[in-house]
Amino acid sequence: MQAAWLLGALVVPQLLSFGHGARGPGREWEGGWGGALEEERERESQMLKNLQEALGLPTGVGNEDNLAENPEDKEVWETTETQGEEEEEETTTASSSSPNPFPSPSPTPEDTVTYILGRLASLDAGLHQLHVRLHVLDTRVVELTQGLRQLRDAASDTRDSVQALKEVQDRAEREHGRLEGCLKGLRLGHKCFLLSRDFETQAAAQARCKARGGSLAQPADRQQMDALSRYLRAALAPYNWPVWLGVHDRRSEGLYLFENGQRVSFFAWHRAFSLESGAQPSAATHPLSPDQPNGGVLENCVAQASDDGSWWDHDCERRLYFVCEFPY
């Protein structure tokens with residue numbers, strides 16, 4: 001607002017003087033240029049009016065004739081101008097007389113060096129704290145590594161203990177099976193035979209007998225064969241069930257071996273009865289029997305019939321009863 005009053009105070013008098021000076025020569029040229037001068041005067045008056053409106057001055061200010069004719073406007077103009085000058089002087093005096101209560105002194109080189117040293121000391125303290133924390137972390141990592149090593153050692157010991165317990169359990173199961181076979185089954189010399197009424201393939205039956213401390217039955221001679229036949233007949237009568245023995249020719253067709261790898265020295269193959277004139281039914285066994293074995297390469301495992309004790313070759317994947325043999 002003060003700037004507007006200052007601008008008005010500086011510009012308006014010049015415009016007024018310009019208008020006043022232009023008015024005198026206008027009278028001299030009134031004769032030939034009266035119309036042009038009048039238009040120029042009206043244009044100047046319009047410009048002055050626009051300037052007064054832009055500066056917020058009274059409309060009549062700036063025209064001496066109007067000021068003379070309107071003394072009230074002239075008095076208002078003078079009073080306003082006087083107030084603006086007084087306010088400007090008061091502002092200038094206050095700004096020059098009132099000192100800044102918080103002066104900002106310019107830093108000296110010593111202050112700069114002190115500030116830099118302080119920052120360096122703070123950084124050094126921070127680095128020291130980081131080193132301390134890193135040392136704590138390193139110590140913790142070492143402790144965790146040692147703990148992990150101890151856990152691995154403990155896990156290894158646990159695995160060893162579990163393996164030892166498993167071995168003990170296997171031995172106990174084998175001993176239990178052996179005792180059960182000799183207590184519940186047939187004891188013959190240094191062997192015990194025990195019948196199992198579970199249906200298994202020949203390989204699965206061998207695995208189960210081995211897990212109990214034995215193997216599939218391997219009758220080594222005629223005496224053991226006859227004793228085993230009587231045992232199976234008594235256990236499964238009046239039915240006739242084939243029972244797996246530990247005899248097979250999987251390695252080579254026609255080469256029959258026991259599960260322990262020994263070669264079979266005798267056979268009890270089934271032969272069909274033949275009725276001839278004056279001849280009695282014959283139950284003699286012979287490896288070249290036309291009836292058994294007759295499976296060729298498709299039937300490589302031997303089962304014993306429970307009714308007459310004869311041998312039959314079967315597919316090894318067939319599921320049959322089995323009889324286990326245990327040492328006594």
Side-chain angles (χ1 to χ4, degrees), residues 151-237 239-251 256-266 268 299-307 309 311-328:
L151 287 176
R152 288 178 178 175
D153 295 339
S156 178
D157 296 340
T158 302
R159 284 195 296 268
D160 296 339
S161 299
V162 170
Q163 184 66 26
L165 289 174
K166 187 176 181 180
E167 292 176 358
V168 171
Q169 182 181 3
D170 293 341
R171 287 196 299 268
E173 289 180 356
R174 288 194 296 269
E175 185 65 19
H176 177 266
R178 187 184 68 82
L179 293 175
E180 184 182 17
C182 292
L183 290 175
K184 296 183 178 180
L186 171 66
R187 177 184 174 187
L188 183 61
H190 297 286
K191 289 184 177 182
C192 299
F193 298 101
L194 180 64
L195 173 66
S196 175
R197 289 181 170 84
D198 294 331
F199 293 98
E200 297 288 355
T201 63
Q202 202 271 350
Q206 170 62 18
R208 288 188 59 178
C209 291
K210 186 176 181 180
R212 299 178 65 181
S215 66
L216 285 174
Q218 306 173 68
D221 51 31
R222 175 61 60 180
Q223 181 182 2
Q224 293 182 9
M225 185 66 199
D226 293 340
L228 182 60
S229 299
R230 291 191 297 269
Y231 170 68
L232 294 178
R233 187 183 305 111
L236 298 175
Y239 305 104
N240 179 24
W241 289 96
V243 181
W244 284 125
L245 298 178
V247 180
H248 62 85
D249 65 343
R250 286 191 294 260
R251 182 177 301 179
Y256 289 91
L257 304 174
F258 289 119
E259 289 294 337
N260 58 10
Q262 294 181 0
R263 187 169 183 175
V264 178
S265 58
F266 76 97
E299 297 178 348
N300 296 320
C301 296
V302 177
Q304 179 176 335
S306 63
D307 57 350
W311 290 7
W312 296 69
D313 62 344
H314 291 279
D315 183 5
C316 297
E317 297 301 317
R318 186 177 178 182
R319 301 171 67 87
L320 304 175
Y321 288 168
F322 59 94
V323 57
C324 294
E325 173 186 300
F326 301 96
Y328 178 73

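The first residue of the sequence shown is numbered 1, and numbering continues consecutively from there. These numbers come from the heavy atoms of this one structure, side chains and all, not from hydrogens, waters or symmetry mates.
The heavy-atom pair separating Ser229 from Gln304 by the smallest distance is OG-NE2, 2.9 Å. When all heavy atoms of Gly309 and Ala268 are compared, the pair lying nearest together is O-CB, 4.3 Å. Considering all non-hydrogen atoms of both residues, Gly213 and Pro327 come closest at O-CD, 3.7 Å. Closest approach of Pro219 and Met225 over heavy atoms only: CG-SD, 3.9 Å. Taking all atoms of both residues into account, the shortest heavy-atom contact from Asp249 to Glu299 is OD1-O, 4.2 Å. The nearest pair of heavy atoms linking Ser196 to Tyr321 is O-CB, 3.6 Å.
How far CG of Asp221 is from OG of Ser265: 8.0 Å, rounded to the nearest 0.5 Å. The CZ atom of Arg178 sits 15.0 Å away from the CD atom of Glu173 when rounded to the nearest 0.5 Å. In this structure, NZ on Lys166 lies 6.5 Å from CG on Asp170, to the nearest 0.5 angstrom. Glu200 contributes atom CD, which lies 9.5 Å from atom SG of Cys209 (distance to the nearest 0.5 angstrom). Rounded to the nearest 0.5 angstrom, Leu228 CG and Ser306 OG are separated by 11.0 Å. Distance check: Gln223 CD to Leu188 CG gives 6.0 Å after rounding to the nearest 0.5 Å.
Salt bridge present: Arg212 and Glu180 bring a charged side-chain N and a carboxylate O closer than 4.0 Å.
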Next on the checklist: Using side chain to side chain contact (heavy atoms under 4.5 Å, CB included), reason through Gln202 and Arg250 one step at a time and then give a plain yes or no.
Outcome noted: CA-CA 12 Å; Gln202 202 271 350; Arg250 286 191 294 260; 2.9 Å; yes
Item to check | Working for side chain to side chain contact (heavy atoms under 4.5 Å, CB included), residues Phe258 and Leu216 | outcome: CA-CA 9 Å; Phe258 289 119; Leu216 285 174; over 6 Å; no
Checklist entry - Taking it one step at a time, do Thr201 and Phe322 satisfy side chain to side chain contact (heavy atoms under 4.5 Å, CB included)? => result CA-CA 9 Å; Thr201 63; Phe322 59 94; over 6 Å; no
Item to check | Check against side chain to side chain contact (heavy atoms under 4.5 Å, CB included), Leu236 and Arg197 | outcome: CA-CA 10 Å; Leu236 298 175; Arg197 289 181 170 84; 4.0 Å; yes
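Annotation: side chain of Val323 is in contact with side chain of Leu245 (closest heavy-atom distance under 4.5 Å). The closest side-chain heavy-atom distance from Val264 to Trp311 is below 4.5 Å. Side-chain contact check for Cys316 versus His248: every heavy-atom pair is 4.5 Å or farther apart.
Between the Lys191 side chain and the Gln218 main chain, a donor and an acceptor come within less than 3.5 Å of each other. Although no hydrogens or angles enter the test, the distance criterion places a donor-acceptor pair under 3.5 Å between the side chain of Thr158 and the main chain of Ala154. Not one N or O on the side chain of Trp244 forms a donor-acceptor pair closer than 3.5 Å with the backbone of Cys301. At least one donor-acceptor pair closer than 3.5 Å links the side chain of Asn240 to the backbone N or O of Asp307. Put simply, the side chain of Arg319 gets close to the backbone of Phe199: a donor and an acceptor are under 3.5 Å apart.
Around atom OH of Tyr328, no more than 12 heavy atoms belonging to other residues, nucleotides or ligands sit under 6.0 Å away.
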